[in-house]
Amino acid sequence: MFSFWKKKNWEDDYDEYYAQDRGIRASKPRTKTRYVAHLLMLTLMGGLVTAGVGLVGGTPMVEKFLTALALPLGAVWMGLILLVYFSLLNRQAWPAVVGLLCWIGVTLGGNQLVANALARMLEAPYQQVNPYEGEPYDLVVVLGGGTTTTIGGQSQLNANGDRVAVAARMFHAGLAKRIVCTGTQTFRSTDLDLHPREEAANILNGLGVPQGVVMQMKGDNTSEEMANLKMWMSENKIEGRIGVITSAWHLSRAIRLAESNGLKLEPLPANFISQPYTPSPSVIVPNSSHLMTTTSVCKEYLASWVGR
């Protein structure tokens with residue numbers, strides 16, 4: 001299939017023929033010169049792209065664009081472009097194909113428009129849900145995953161920490177009578193490394209939520225958390241209005257798993273990651289934050305496909 005690509009380039013074939021015909025060793029200065037010429041051409045093309053960015057967004061956008069290229073993900077992205085280009089130049093099929101597939105994956109995964117579109121599809125059902133309106137909840141469940149522990153043993157919020165802040169705001173607004181924090185960390189490096197439920201509880205207490213209001217519940221993942229919640233509610237005959245707080249992109253999965261365990265929970269979204277479009281170099285050069293968004297969203301889709 002790739003017999004054409006397996007051949008050497010015509011300059012190498014000519015050099016070998018010339019050497020065999022005269023019994024001398026072929027020299028390849030032209031091949032080296034060819035690479036320099038192509039590198040200069042690629043540099044010129046890069047300069048034109050940068051100039052185009054400057055015309056559209058001005059000097060600040062050029063600075064952001066060049067910064068994005070200098071970051072690790074941007075450097076890998078450019079390296080893949082060079083790999084594909086020179087593999088094609090030397091008619092090396094498989095390196096070109098593999099490099100191109102990797103480049104497409106990195107480009108789409110770290111693209112602002114792609115990441116936002118994928119996240120918006122998951123978050124769309126909850127865009128108009130306001131946790132701070134309506135009647136009070138008898139119980140609010142805060143799923144683990146919004147906190148971490150520092151090396152010194154201090155609890156802190158991470159990128160998904162808005163879920164803990166929403167719970168605190170609801171309590172102080174008189175909308176949450178009791179709060180359950182869930183989550184178990186499977187591997188703990190030290191005794192100072194707290195479980196997610198402990199981290200969330202510590203932060204809520206520090207935000208003025210009394211200890212008697214906050215409870216903790218184990219669970220290695222969302223499926224196990226819902227199963228444990230069902231068991232606890234049945235044993236303690238918990239009734240009334242119950243809501244679940246988690247990242248908006250994770251809510252559909254949480255509600256689905258709750259229903260599979262016979263629980264009726266009202267969705268309370270936090271930490272929306274889909275944003276209105278703003279001009280950014282990440283429309284061209286992949287960005288690590290958008291790659292993280294795409295990864296989180298793809299994990300949700302994968303979980304729905306396998307029923308997790």
Side-chain angles (χ1 to χ4, degrees), residues 1-16 28 30-57 61-122 249 273-274 277-306:
M1 177 178 179
F2 294 107
S3 58
F4 170 77
W5 292 94
K6 293 179 181 178
K7 294 181 180 179
K8 299 178 182 178
N9 64 71
W10 68 269
E11 294 181 31
D12 293 336
D13 289 339
Y14 176 82
D15 289 338
E16 288 185 6
K28 302 180 181 179
R30 297 176 63 184
T31 300
K32 296 179 181 179
T33 304
R34 179 187 58 165
Y35 287 145
V36 172
H38 283 282
L39 284 173
L40 291 175
M41 184 186 69
L42 290 173
T43 301
L44 176 61
M45 292 176 63
L48 293 175
V49 172
T50 304
V53 171
L55 290 175
V56 174
M61 189 61 69
V62 171
E63 293 176 352
K64 293 180 180 180
F65 178 72
L66 295 177
T67 300
L69 291 176
L71 295 177
L73 186 58
V76 170
W77 183 74
M78 288 193 299
L80 288 171
I81 293 176
L82 294 176
L83 171 64
V84 172
Y85 184 86
F86 285 105
S87 295
L88 291 173
L89 188 65
N90 290 292
R91 299 185 179 182
Q92 296 175 332
W94 289 113
V97 171
V98 174
L100 180 61
L101 291 176
C102 291
W103 181 83
I104 292 173
V106 171
T107 301
L108 294 179
N111 184 272
Q112 177 189 22
L113 300 178
V114 174
N116 261 336
L118 292 173
R120 191 175 295 113
M121 287 189 289
L122 286 177
W249 48 267
I273 54 178
S274 59
Y277 169 75
T278 55
S280 169
S282 59
V283 176
I284 301 175
V285 183
N287 178 279
S288 58
S289 62
H290 297 313
L291 187 59
M292 183 180 298
T293 296
T294 303
T295 301
S296 298
V297 171
C298 287
K299 182 181 177 181
E300 295 301 305
Y301 286 117
L302 179 62
S304 66
W305 293 337
V306 299

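On a predicted model such as this, the values are computed, not experimentally measured, just so you know.
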K.L.:
Set out, in order, the CA-CA distance, both residues' side-chain angles and the distance that settles side-chain contact (heavy atoms from CB on, under 4.5 Å) for T293 and W249, then state yes or no.
P.N.:
CA-CA 10 Å; T293 296; W249 48 267; over 6 Å; no

K.L.:
Are F86 and Q92 packed together at the side-chain level, in the sense that at least one heavy-atom pair is separated by less than 4.5 angstrom?
P.N.:
no

K.L.:
Would one find more than 12 heavy atoms of other residues, nucleotides or ligands at under 6.0 Å from atom CE of M292?
P.N.:
no

K.L.:
Consider side-chain contact (heavy atoms from CB on, under 4.5 Å). Of L118, N116, N111, L108, which one does T294 pass it with?
P.N.:
L118

K.L.:
Could you tell me the separation between the OG atom of S282 and the CD atom of Q112, rounded to the nearest 0.5 Å?
P.N.:
4.0 Å

K.L.:
Tell me which donor-acceptor pairs under 3.5 Å the side chains of residues 62-78 have, and how far apart each pair is, sequence neighbours excluded?
P.N.:
| unit_1 | atom_1 | unit_2 | atom_2 | d |
| --- | --- | --- | --- | --- |
| T67 | OG1 | E63 | O | 2.7 |
| W77 | NE1 | T107 | OG1 | 2.8 |

K.L.:
What heavy-atom pair brings G99 and L83 nearest, and what distance separates the two atoms?
P.N.:
CA-CD2, 4.0 Å

